[in-house]
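Okay, so here's the structure we're looking at.
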Amino acid sequence: MAPTDDGPVSAIRKALELLRVVSKAGPEGLRLKDIGEAAGCGQSTAHRLLKDLVAEGFVEQIPEGKRYRPSLEFFVLAAQAGETDGLRKLTSPVLLRLSARLGDTVFLLVRTGFDAVCLDRVEGPFPIRSFTGDIGGKVPLGLGQGSLALLAHLPEPEQEAVIRFNMPRLLDRGFMDEASLRQEIVRAREQGWVNLNSGLIPGMAGVGVPVFDARGRAVAALSVGTLADRLKDSRLPSVVKIMKAEADELSQQINPFDATLRHPWRSLAHARPPKAE
C-alpha cells in the first residue's frame, strides 16, 4: 500500500530530509525556520521531527539561539561499522614526517571529556619529558601546548565548562591562574598555534597546533616536544610553519565518522609507541 503524506514512510522521509539539511550546518547550527524552509515543510512539522531526532541522538539543540546541528552520536553510529583505528592510521605518516623533519618528538592528542589523551607519538633523538608521557597518557585540557590548542578552539560554551572544571586541577599542578589562562586562550585562537613555556617541566619547550574536521571543530592537536635550547626565537617560525602545513592537510582528510574522535580508548587498546628510524 502506498504511503500517504501523513504516513510513517512519509514522516521518515521528511525526517531524513531534515537530517540532510542539518548535516550541512556548521558549528553554529541552523535556525528552525531555515531548516523547515530548506526541507520544504512547515515549522510545526520541522519542530516535531527535530524533537524526535534530538531524542534519538542524531541532532543536538544549541541553547544559545535555539539552533540545531548534527550530534556526535550521529557520527559515532555511522562509525560503528568501521574501524576504530582510523585516526591513528591516518596520522601515523604525518607524525613520522614531522619527527624526521624537525628531529624532535611529536604527539597526536585528542579530547576525552575534560582531558587530552596522547593517541600516538613518534620519538625523536633527544630525550624529553612531557605532560602526557607515553601513548595513553592524559592531562587536563589546557595543560601543555597541544592540550591548550584543543581547549582554545572549543565552542565557547564547552570551553567555559572545561575551564570551570579544570581550573582547580591546573592550579594543583602549579599552573597559571584563570586570568592568565584566558589570555593564553585568546592568543592561541588569534595566532592559530601555541608556544607556551610554563616552566613546569624545566628545560622543555614545545609547539601545539589544532586539527579541525569538516565542520570546523577542533578534533585533535599535533604537538612537538623538545629541549628549550632547540626552540629559540630563530627556529620557532619554521617549526610552526611546518606543523601548521601538516595540520591543515590533515584537517582535509579527517573522517567525521571516525569512532576514534568519540572513543579514543578503543584505539589505544593495543597501541604501541612507534619509534623513529
Side-chain angles (χ1 to χ4, degrees), residues 1-84 86-87 90 110-114 141 150-165 189 210-220 248-264 266-267:
M1 183 173 65
T4 65
D5 288 343
D6 295 326
V9 175
S10 178
I12 290 173
R13 287 175 175 168
K14 289 179 181 178
L16 290 174
E17 182 59 30
L18 286 176
L19 192 56
R20 291 190 185 98
V21 172
V22 174
S23 69
K24 299 177 182 178
E28 70 280 0
L30 289 174
R31 297 180 304 172
L32 173 63
K33 177 182 178 182
D34 296 330
I35 295 172
E37 290 179 354
C41 61
Q43 286 193 46
S44 59
T45 299
H47 184 257
R48 173 173 54 82
L49 294 175
L50 282 170
K51 284 180 63 178
D52 290 338
L53 290 171
V54 169
E56 294 299 324
F58 292 106
V59 173
E60 64 182 9
Q61 184 176 8
I62 307 172
E64 295 77 8
K66 297 183 179 180
R67 293 169 176 260
Y68 297 85
R69 65 187 178 195
S71 169
L72 287 178
E73 291 291 344
F74 170 73
F75 299 118
V76 172
L77 180 64
Q80 286 178 348
E83 60 183 351
T84 60
L87 184 60
L90 180 65
V110 295
R111 179 189 175 190
T112 173
F114 295 101
L141 278 170
L150 279 171
L151 175 60
H153 290 85
L154 289 180
E156 187 174 347
E158 295 179 36
Q159 187 181 98
E160 286 298 318
V162 171
I163 292 174
R164 286 195 300 269
F165 185 86
R189 289 187 68 92
V211 177
F212 301 94
D213 65 7
R215 298 166 60 194
R217 293 177 64 95
V219 295
D248 290 345
E249 184 175 347
L250 183 58
S251 293
Q252 299 175 26
Q253 304 175 49
I254 292 291
N255 177 10
F257 301 104
D258 189 348
T260 309
L261 301 177
R262 184 63 183 266
H263 304 290
R266 295 181 185 176
S267 179

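Numbers here are sequence positions counted from 1.
- In this structure the side chain of Val219 never reaches within 4.5 angstrom of the side chain of Leu87, judged on heavy atoms.
- In terms of heavy atoms, Ala15 sits closest to Leu49 at N-CD1, 3.9 Å.
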Go through the steps for His47 and Tyr68 under the test side-chain contact (heavy atoms from CB on, under 4.5 Å), then give the verdict. CA-CA 10 Å; His47 184 257; Tyr68 297 85; 3.9 Å; yes
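- Nearest heavy-atom pair, Ala38 versus Val21, reported as atom, atom and distance to 0.1 Å: CB-CG1, 3.7 Å.
- For the side-chain contact (heavy atoms from CB on, under 4.5 Å) with Leu154, the qualifying choice from Gln159, Glu160, Arg217 is Gln159, the only one to do so.
- With salt bridges taken as basic N to acidic carboxylate O contacts below 4.0 Å, one links Glu17 and Arg20.
- Note that CD of Gln61 and CG of Leu50 are 8.5 Å apart. Values are rounded to the nearest 0.5 Å.
- In plain terms, the two heavy atoms of Leu32 and Ala46 that are nearest each other are CD1-CB, 3.8 Å.
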Please evaluate residues Phe58 and Val22 with respect to the criterion side-chain contact (heavy atoms from CB on, under 4.5 Å), reporting the C-alpha separation (whole Å), side-chain torsions for both, the decisive distance (0.1 Å), and the verdict. CA-CA 10 Å; Phe58 292 106; Val22 174; over 6 Å; no
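- The CG atom of Asp213 lies 11.0 Å from the CG atom of Leu250; values are rounded to the nearest 0.5 Å.
- With Arg111 contributing its side chain and Gly113 its backbone, the two residues share a donor-acceptor pair below 3.5 Å.
- The distance from atom CG of Leu53 to atom CZ of Arg48, rounded to the nearest 0.5 Å, is 11.0 Å.
- Leu18 has its side chain within reach of Cys41: a pair of non-hydrogen atoms, C-beta onward, lies under 4.5 Å apart.
- A perpendicular orientation is assigned to the rings of His153 and Phe212, their planes being inclined by more than 60° (bins at 30° and 60°).
- Taken from CD in Glu56 to CG in Leu19, the straight-line distance is 12.0 Å, to the nearest 0.5 Å.
- Judged purely by atom type and a 3.5 angstrom limit, Arg189 uses its side chain to pair as donor or acceptor with the backbone of Ala152.
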